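Structure first, commentary second.
Please read these numbers as outputs of a predicted model, since none were measured by experiment.
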Protein chains: 2
Amino acid sequence: MEKILSRTEETLLLAVWALAPNAYGLAIGEHLRKLTGKRWSVGAIYIPLERLEARGLLAAHEGEPTPQRGGRSKRFFTLTPQGLKALNEARRLHEALWAAVPDEGGLA
Amino acid sequence: MEKILSRTEETLLLAVWALAPNAYGLAIGEHLRKLTGKRWSVGAIYIPLERLEARGLLAAHEGEPTPQRGGRSKRFFTLTPQGLKALNEARRLHEALWAAVPDEGGLA
DNA sequence: CCTATTTGTTTTATAAAATAGAAAAATAAT
DNA sequence: ATTATTTTTCTATTTTATAAAACAAATAGG
């Protein structure tokens, strides 16, 4: 049985996908801040990103220096096929859980 | 800003909802085992349930002994209005994250 | 009775993940 | 060279997850 993605992991994978092909640490944080309305500390981003890379759900490559003022070179992340698969699986599970609820209409 | 539900928390809240009004520890575990295909240890159920109760997302009450073979009395859980609200919020966020992805059709 | 068995919850110990924030590294403008 | 800026890496802390053993309550059957 494959491991279920945590919410953080799913969220990060989706952010990488949404920002493709320009997904790097700080941009991901900014994207998530806008979408979730809460602040994402750098640790809350880089550490799980690394884990996802180690697990093969993300791939990373160094970016070229840009003609901007400063800045160390970026590490860009992209979804791997396994990453996509894991996202699919998480979504399927999510839907199954909601479908098991008797009267979903009670929400809004 | 309200805290975002972890996947475990969301899953447990949905299970309580799905089994209402007969949601208690072991039954929840069995429900989730069937739905997710993986084994849920007792710790993975009771501990977060307690936390959800402490946060006010679940309410608990003791059940009467039943005419079954054995069994200590059950603790039944029900969703509180805040629990429902939190589920709604988690779902809204989930949808927003997926909506930010460019071509969702690429999945299946 | 009374004890073996079943159903259920609590407790305890350990591992893994999430989070925050400081520090370090890399780059280009001045 | 020096400094401002952007980005990542490191370190420490808290929170969650997981597994397994201990504890509790009930009844069936001898």
Polar-atom pairs under 3.5 Å, protein N or O versus N or O of nucleotides 13-17 of chain C: list them with distances, or write none.
| unit_1 | atom_1 | unit_2 | atom_2 | d |
| --- | --- | --- | --- | --- |
| C:dA17 | OP1 | A:Lys3 | NZ | 2.6 |

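In this structure, A:Gly43 reaches the bases: a heavy-atom distance under 4.0 Å links it to at least one base atom across the strands shown.
When all heavy atoms of B:Leu87 and B:Leu79 are compared, the closest pair comes out as CD1-CD1, 4.1 Å. A pairwise comparison of heavy atoms in B:Leu35 and A:Ala100 identifies CD2-CB, 3.9 Å as the closest pair.
Counting to the nearest Å, the P atom of C:dA25 and the CD atom of A:Glu62 are 15 Å from each other. One interatomic measurement links the two molecules: NZ of A:Lys38 to C1' of C:dT19, which rounds to 8 Å at whole-angstrom precision. Atoms CH2 (B:Trp40) and C1' (D:dA20) sit 18 Å apart, rounded to a whole Å. Between the NZ atom of B:Lys74 and the P atom of C:dT6 there is a distance of 16 Å, rounded to whole Å. Here C:dG8 presents its P atom at 12 Å from CG of B:Asn22, a figure rounded to the nearest Å. Atom CZ in A:Arg7 sits roughly 14 Å away from atom C1' in D:dT16 (whole-Å rounding). Distance A:Ile28 CD1 to D:dT6 P: 18 Å, rounded to the nearest Å. Atom P of nucleotide C:dG8 and atom CZ of B:Phe76 are separated by 9 Å, given to the nearest angstrom.
Each of A:Arg72 and B:Val42 was matched to the nucleotide of DNA chain D holding its nearest heavy atom; the match closer to the 5' end belongs to A:Arg72.
A salt bridge does not link A:Arg92 to A:Glu95: none of the charged side-chain nitrogens sits closer than 4.0 Å to a carboxylate oxygen. A:Arg75 has a carboxylate O that lies under 4.0 Å from a charged side-chain N of A:Glu62, or vice versa, which qualifies the two as a salt bridge.
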Can B:Val16 and B:Leu52 be said to form a side chain to side chain contact (heavy atoms under 4.5 Å, CB included), step by step? CA-CA 11 Å; B:Val16 166; B:Leu52 288 167; over 6 Å; no
Using salt bridge (Lys or Arg N to Asp or Glu O under 4.0 Å), reason through B:Glu9 and B:Arg55 one step at a time and then give a plain yes or no. CA-CA 11 Å; B:Glu9 288 163 350; B:Arg55 273 209 249 153; 2.5 Å; yes
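Within the 4.0 Å cut-off from OP1 or OP2 of C:dT19, not a single side-chain nitrogen or oxygen of A:Ser41 is found.
Counting heavy atoms from C-beta on, the side chains of A:His94 and B:His94 come closer than 4.5 Å.
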